[in-house]
Colleague: 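Below are the structure tokens for one structure; questions will follow.
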Amino acid sequence: MAYDHRDIEKKAQEKWASLDLYRADLSDETKEPYYLLVEFPYPSGDLHIGHWYAFAVTDIYARMLRMRGKNVLFPIGFDAFGLPAENAAIKHGVDPKEWTYKNIEKMKGQLASMGPSFDWSKEVVACDPSYYQWTQWLFAKLFEHGLAVHKEAPVKWCPKDQTVLANEQVIDGKCERCGTEVVEKRLTQWFLKITDYAERLLEGLEKLPWRNEIKDAQRAWIGKSEGAHLEFSIPNSQLSIEVFTTRPDTVFGATYVVLAPEHTLIQNNELGITNYGEIQEYIKRTAQKTERERSENKEKTGVELKGVSAINPATKEEIPIYVADYVLASYGTGAVMAVPAHDERDYEFAKKFDLPVRDVIEPVTGTPQKNPEPRKSIVAVVIDRKNGTVLTLDWGPALGGKLYIGGGREEGEDAAQAAMREIAEETGYTDLKLVSQTSVIHHSYFAYSKNVAREIEAIGFLFELNSDAKDEQKLEKDEHGKFTVSWLPLEQAEREVSETLHRTVFERLVLGRVHTGSGVLVDSGEFSGRNSEEAKWDIVKYVGGEKAINYRLRDWLVSRQRYWGCPIPIVYDPEGKPHTIPAEHLPWLLPTDVDFRPTGEAPLASSNELRERVTKIFGEGWTPEYDTLDTFVDSSWYFLRYLDSQDAHDFSDAALMKKWMPVNRYSGGAEHTTLHLLYSRFFTKALYDLALVPVDEPYAERFNRGIILGPDGQKMSKSKGNVINPDEFVQKYGADAVRIYLAFIGPYNEAGSYPWSLDGVASMHKFLERVVRLAERSQDMSEVPEAMRQSLAKASAKVAEDGDRFKFNTGVAALMILMNELEPAASVPNGVCREVAVMLAPFAPHLAEHLWEKLGGEGSVHRQAWPVAEIAAETEKEIVVQVNGKRRGAVTLAVDASEADAVAEALKVPAVANALGGNEPKRVIYVPGKILNLVV
RNA sequence: GCCGGGAUGGCGGAAUUGGUCAGACGCAUCGGGCUUAAAACCCGAAGAGGGCUUUAAAAUCCUCGUGUGAGUUCGAGUCUCACUCCCGGUACCA
């Protein structure tokens, strides 16, 4: 018999409201506090399946914890500033505020249909003046302490949204919101100095027990690299170029210097560049390129600065200066020393502009050996260009497999000559053209065939075959037969020649790769012969540079040239200097007499009211700030406001923060890893330093949830027509069935993706019907059969444990197993049914409430304690007997049976005795309660 | 390219610290029951392959099986190494 979910759910929700069931008393000292947080939604007015997955499943845990005696704070609010409201205003002429609040009302109704246990009394709405007043107050605090700065910097601009964007909001060179390619502009904007916290944001991750994928993504975003600042002076000038490099050990190989097009040194012609017009044109051209164009087309471009040069501080040589857009203005100093021999990008540029390549590091390969015998040798790669093949010798598996031509160099012999000689001796070919060669490669290995440790100094050569002319005379007789000579296609040789030295030579000469690793310094003055890694900092000292650390992280750009955001609480004095708006004038209200249309100018600039307000309060000549704040500022501290959302005198309550922070567990989407999650960590640290917040990490635990795919396994989208509307399923099967299905769909503690199964919800509805039928068979019995008692005890322990791990899928499975165990019974005691209702309550709160009433329970099922029962320790256990690791039988033994008893018992099993074949076991592995393995 | 995560039946997914039987739980599938019939419900089958017996079936037995290949171990989905593919992040970051 079906249960009427509509009626049950309506009644349960009314009951909870009348009992005010979910209000948390934050100052309650009798229970342990637990702060469970879910990212608050943007009020789009459309509650999709993703919202359900976010809120309904987390709600299961909130309910479970309450039943387990915790004082649970599970709040909700709305991240209500943002572009959609403004776009609606532009498109349909509605008031963004009205639009937003209407959506919030609508969404509250939709959220209620899930039956969530939110404590609405603590609601926050980011666009409400009572909230943004404190966003402004906190911004002012940051400004007063130098953490909010007004500065000029290259910034990302979205031409469609007509606003600047933070770095984090640019995905693949496109605007995160609208997908338009962004362009770079140099503008004066408001930044929050998150870079000051780069190191601490990094360090803080060490202690957090978050999953690696979250921590590593943040680490990569922060992008710490250690190196040095070196100075390249400019002859006949006061000016010099400072570069940042992580490879100061290669400075002797720096053959030119490159400036980013935006570099300040070339913004005007202070240097007296003779081709300045050409430079200006190049700067202009690159400025017009979008991010994407710059990074997609990696063909190097640039222009030499004629009439000026720089001095390499190591070699004292005069070297040319270039401007090129492969150097980024926003990283390091916006200038690099180019070492083409040891950097891929510099090498590419050098080849294109025909600049010198100077090797200063000889590679070291192989495994270091004890007491090696030094030797000079060569490796020769011979290419037949006509056929696209390369000459290889196959020595067989024992002698090193497939190799190119290798050999020793005789005393006083020229290396190239030696290479020619070896080729002739081993293959007979003599008509060769020398194309290129490598620097010395230091290679260590153990030659098993000759039983000797070698450390060789090898030089690699590339030859091209002119003709197949062979000189059979030169073929060496005693080598004959040890290997086979063959011409292999280049790709095959690349795959099959795996020996390190030969591979290295091939990569260097045929594939054109440069050596970017460490090695032995050469051609580096007094440092020659030393290990590059070891000599690195001595070289920095030698050239008068200093150690420097650089981060990829940029300061957080928070200005937005948009209307529907928090007004930046700043005014400018007649000299144009920014001042914060005093606290008594907060909230600094968003004006309403504005033109929303994006013009590139901030919409607030069109407000007369705002200008008049500033004049009235601050005086003639004072002007307002017209930009608004990035909405990520609003969400960087909302979890603090929940603790005291109605406070008119402070942003939060110090005592409550002390008690409730950090958030115990934060559930959200993976897409916020380098945005909201990083920003709010920064905010918390900054406020901690200002003694406003008692913790310096906001979230003890963080879980990124997965995403729900369409039934076809594809990402849901209107164009694919695979969008699941949760309301439909709620109508048909009930909110409880949808909740429990979402819990069951897959593990919640990792960010996987799960296709929505059309039959899945129906099957959950059936499961709930089974529970209803069980409850209908409830009998008044005082005696509870032991087997039932055990089933209940196991289920309650398992469900609680899985909840703690955010593995609701196996938790639901445990409830299903419980049902499978209880159902066959002819009669089910009322107490058992009640306990089932209690365990079901977090998952299917409405039905559980209904059953609780039917079963004669007092009050609300959600006020019941989670059942804790002892699981009887088993005294006997079946353990498996293996012979040589193969199962041959099983014996039932006391849990603490001794090994001797176990073996004796096992030998009685015929199959075991059989398998032993009368032999005594040589070894016995006995794991009490689990396994006995007899090894013969 | 680099960093991270992953790969288990037709599908979603289970499997404490390496410890029997891999595949819990559910979906889909198939067979049966109930019914005049259908739905609902109930019972049952099921990784792949094979052998024996038999009219047939079942029980029973054997081999292989957690992306591929090697290894460690008495014992590997779980540990190590190499590789393939998929997903996510990031990318001219000096």
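A, B, ... follow the sequence lines: proteins, then strands. Residue 1 opens every chain.
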Colleague: Counting only side-chain heavy atoms from C-beta out, which of U20(B), C25(B), G5(B) sits nearest to F744(A)?
Modeller: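 From the listed options, C25(B) comes nearest.
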Colleague: Record whether the side chain of K300(A) comes under 3.5 Å of the base of C92(B) through a donor-acceptor pair of N or O atoms.
Modeller: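 Side chain to base: pair present.
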Colleague: Using Watson-Crick and G-U wobble pairs with both distances under 3.5 Å, what is the 5'-to-3' dot-bracket string of RNA chain B, with [ ] for crossing pairs and | for pairs outside the strand?
Modeller: (((((((..(((......[.....))).(((((.......))))).((((..........))))..(((((..]....))))))))))))....
Colleague: Can you figure out which of G19(B), C25(B), C41(B) approaches the side chain of I931(A) most closely?
Modeller: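 The answer is G19(B).
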Colleague: Counting side-chain heavy atoms from C-beta on, which of G26(B), A28(B), A94(B) comes nearest to D759(A)?
Modeller: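 It is A28(B).
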Colleague: Once you round it to whole Å, what is the distance between P of A24(B) and CD of E821(A)?
Modeller: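 After rounding, the reported distance stands at 15 Å.
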Colleague: Check salt bridge (charged side-chain N to carboxylate O under 4.0 Å, His left out) between D804(A) and all other residues, then give those that pass, not counting sequence neighbours.
Modeller: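 For D804(A), the residues satisfying salt bridge (charged side-chain N to carboxylate O under 4.0 Å, His left out) (neighbours in sequence not counted) are R68(A).
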Colleague: Between K807(A) and A15(B), is there a contact of a side-chain N or O with OP1 or OP2 at under 4.0 Å?
Modeller: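 Yes, because at least one side-chain N or O of K807(A) sits under 4.0 Å from OP1 or OP2 of A15(B).
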Colleague: Side chain of Y326(A): nearest nucleotide among A15(B), C3(B), C92(B)?
Modeller: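 Selected nucleotide: C92(B).
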Colleague: Between N749(A) (CG) and G5(B) (P), how many Å, whole number?
Modeller: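 Nearest whole value for this atom pair: 15 Å.
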Colleague: Let me see the working for K794(A) and E801(A) under salt bridge (charged side-chain N to carboxylate O under 4.0 Å, His left out), right down to the final yes or no.
Modeller: CA-CA 11 Å; K794(A) 272 189 208 153; E801(A) 185 197 313; over 6 Å; no
Colleague: Can H676(A) and E39(A) be counted as having a side-chain donor-acceptor contact under 3.5 angstrom?
Modeller: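 Note: H676(A) and E39(A) side chains miss the donor-acceptor criterion.
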Colleague: Using whole Å, what does the distance between atom P of nucleotide G19(B) and atom OH of Y926(A) come to?
Modeller: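 From Y926(A) OH to G19(B) P: 17 Å.
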Colleague: Mind checking ring-ring contact (aromatic ring centres under 6.0 Å, His included) for Y322(A) and listing every partner two or more places apart, or none if nothing turns up?
Modeller: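 ring-ring contact (aromatic ring centres under 6.0 Å, His included) list for Y322(A), sorted by chain: Y256(A), F349(A), F353(A).
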Colleague: Between G4(B), A15(B), C27(B), which one does the side chain of T810(A) approach most closely?
Modeller: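 From the listed options, A15(B) comes nearest.
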Colleague: For D325(A), give me all partners under side-chain contact (heavy atoms from CB on, under 4.5 Å), at least two apart in sequence or on another chain.
Modeller: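 With neighbours one apart ignored, the set is P261(A), Y282(A), T286(A), K289(A), R294(A), T301(A).
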Colleague: A91(B) P sits how many Å from K174(A) NZ, rounded?
Modeller: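 Answer to the nearest Å: 14 Å.
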Colleague: Separation of I740(A) atom CD1 from C27(B) atom P, in whole Å?
Modeller: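 Those two atoms, CD1 and P, are 13 Å apart.
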Colleague: Holding to ring-ring contact (aromatic ring centres under 6.0 Å, His included), I want the full list of residues that pass it with F244(A), two or more places apart in sequence or in another chain.
Modeller: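 For F244(A), the residues satisfying ring-ring contact (aromatic ring centres under 6.0 Å, His included) (neighbours in sequence not counted) are H229(A).
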Colleague: Looking at residues at least two apart in the chain, or sitting in another chain, which of them share a side-chain hydrogen bond (donor to acceptor under 3.5 Å, both in side chains) with E176(A)?
Modeller: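 None.
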Colleague: Do the charged groups of K224(A) and E199(A) touch, with an N to O distance under 4.0 Å?
Modeller: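 Looking at E199(A) together with K224(A), the answer is yes, because their closest N to O distance falls below 4.0 Å.
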Colleague: Measure from the side-chain heavy atoms of R805(A) and tell me the nearest of A15(B), A94(B), C25(B).
Modeller: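 Nearest to the side-chain atoms of R805(A), counting from C-beta on, is A15(B).
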Colleague: So, R503(A) and E507(A), do they make that salt bridge, N to O below 4.0 Å?
Modeller: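 Judged by the 4.0 Å cut-off on N to carboxylate O distance, R503(A) and E507(A) do form a salt bridge.
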Colleague: Are any non-hydrogen side-chain atoms of I319(A) and L355(A) less than 4.5 angstrom apart?
Modeller: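 Contact flag for I319(A)/L355(A) side chains = no.
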Colleague: Can you check whether Y754(A) has a side-chain N or O nearer than 4.0 Å to OP1 or OP2 of G12(B)?
Modeller: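 Answer is no, no contact under 4.0 Å.
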Colleague: State which of C42(B), C25(B), G26(B) makes the closest approach to the side chain of A813(A).
Modeller: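 The answer is C25(B).
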Colleague: Identify whether the distance between the nearest side-chain nitrogen and carboxylate oxygen of R805(A) and E701(A) falls below 4.0 Å.
Modeller: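 Not counted as a salt bridge, because no side-chain N and carboxylate O are separated by less than 4.0 Å.
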Colleague: Which listed nucleotide (A24(B), G12(B), A94(B)) is nearest to the side chain of V327(A)?
Modeller: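 Selected nucleotide (nearest to the side chain): A94(B).
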Colleague: Nearest to the side chain of V880(A), which nucleotide is it out of G4(B), U20(B), C42(B)?
Modeller: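 Looking only at heavy atoms from C-beta outward on V880(A), the closest nucleotide is U20(B).
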Colleague: Strictly distance-based, threshold 3.5 Å: is any side-chain N or O of R739(A) a donor or acceptor partner for the main-chain N or O of F843(A)?
Modeller: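 Yes; at least one donor-acceptor contact below 3.5 Å.
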Colleague: Check for a donor-acceptor pair, side chain of N722(A) on one end and backbone N or O of D712(A) on the other, with a separation under 3.5 Å.
Modeller: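 No, the answer is negative, given that no donor and acceptor are paired below the 3.5 Å cut-off.
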Colleague: Is the phosphate of C25(B), meaning OP1 or OP2, less than 4.0 Å from a side-chain N or O of N809(A)?
Modeller: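 So the side chain of N809(A) is outside the cut-off, no N or O lying under 4.0 Å from OP1 or OP2 of C25(B).
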Colleague: Please tell me if S225(A) has a side-chain N or O lying less than 4.0 Å from either OP1 or OP2 of A94(B).
Modeller: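 Yes.
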Colleague: Output all residues satisfying side-chain hydrogen bond (donor to acceptor under 3.5 Å, both in side chains) with R508(A), sequence neighbours left out; order by chain, then residue number.
Modeller: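 So R508(A) forms no side-chain hydrogen bond (donor to acceptor under 3.5 Å, both in side chains) with any residue.
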Colleague: Backbone N or O of L553(A) within a donor-acceptor pair of the N167(A) side chain at under 3.5 Å?
Modeller: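 Side chain of N167(A) to backbone of L553(A): no pair is present.
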Colleague: Do nucleotides 61-70 of chain B as a string where each nucleotide becomes B, S or -: B if the base has a protein heavy atom under 4.0 Å, S if just the sugar-phosphate does, - if no protein is that close.
Modeller: --S-------
Colleague: Take atom CZ of R770(A) and atom C1' of C42(B), then tell me their distance rounded to the nearest Å.
Modeller: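 My rounded result for the distance is 11 Å.
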Colleague: Write down the distance between NE2 (H263(A)) and P (A94(B)), rounded to a whole number of angstrom.
Modeller: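 From H263(A) NE2 to A94(B) P: 17 Å.
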Colleague: Give a yes or no on whether the backbone of E823(A) and the side-chain of R773(A) come within a donor-acceptor separation of less than 3.5 Å.
Modeller: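 Side chain of R773(A) to backbone of E823(A): no pair is present.
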Colleague: Residues from residues 701-717 of chain A sitting under 4.0 Å of RNA chain B, heavy atoms only?
Modeller: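 Here the set is empty: none.
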Colleague: What is the distance, to the nearest angstrom, from the CD atom on E801(A) to the C1' atom on A15(B)?
Modeller: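 Computing the E801(A):CD to A15(B):C1' distance gives 13 Å.
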Colleague: So which protein N/O to nucleotides 82-90 of chain B N/O distances come out below 3.5 Å?
Modeller:
residue: U90(B); atom: O3'; partner: R552(A); partner atom: NH1; Å: 3.3

Colleague: Over all strands shown, is F244(A) touching base, sugar-phosphate only, or nothing at heavy-atom distances under 4.0 angstrom?
Modeller: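 It contacts base atoms.
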Colleague: Provide the distance between the two P atoms, one in U66(B) and one in C61(B), to the nearest whole Å.
Modeller: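 One P to the other, the span is 22 Å.
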Colleague: Between C3(B) and N212(A), is there an OP1 or OP2 to side-chain N/O distance shorter than 4.0 Å?
Modeller: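 It does not, given that no N or O in the side chain of N212(A) lies less than 4.0 Å from OP1 or OP2 of C3(B).
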Colleague: Does K798(A) use its side chain to pair, donor to acceptor, with the backbone of T810(A) at less than 3.5 Å?
Modeller: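 Judged by distance alone, no pair lies under 3.5 Å.
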Colleague: Would you please name every residue forming a ring-ring contact (aromatic ring centres under 6.0 Å, His included) with F729(A), sequence neighbours left out?
Modeller: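 Only W756(A) meet the ring-ring contact (aromatic ring centres under 6.0 Å, His included) criterion with F729(A).
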Colleague: For nucleotides 72-79 of chain B, which of its nitrogen or oxygen atoms have a protein nitrogen or oxygen under 3.5 Å away, and what is each distance?
Modeller:
residue: C74(B); atom: OP1; partner: R923(A); partner atom: NH1; Å: 2.5
residue: C74(B); atom: O2'; partner: N933(A); partner atom: ND2; Å: 3.4
residue: C74(B); atom: O2; partner: N933(A); partner atom: ND2; Å: 2.4

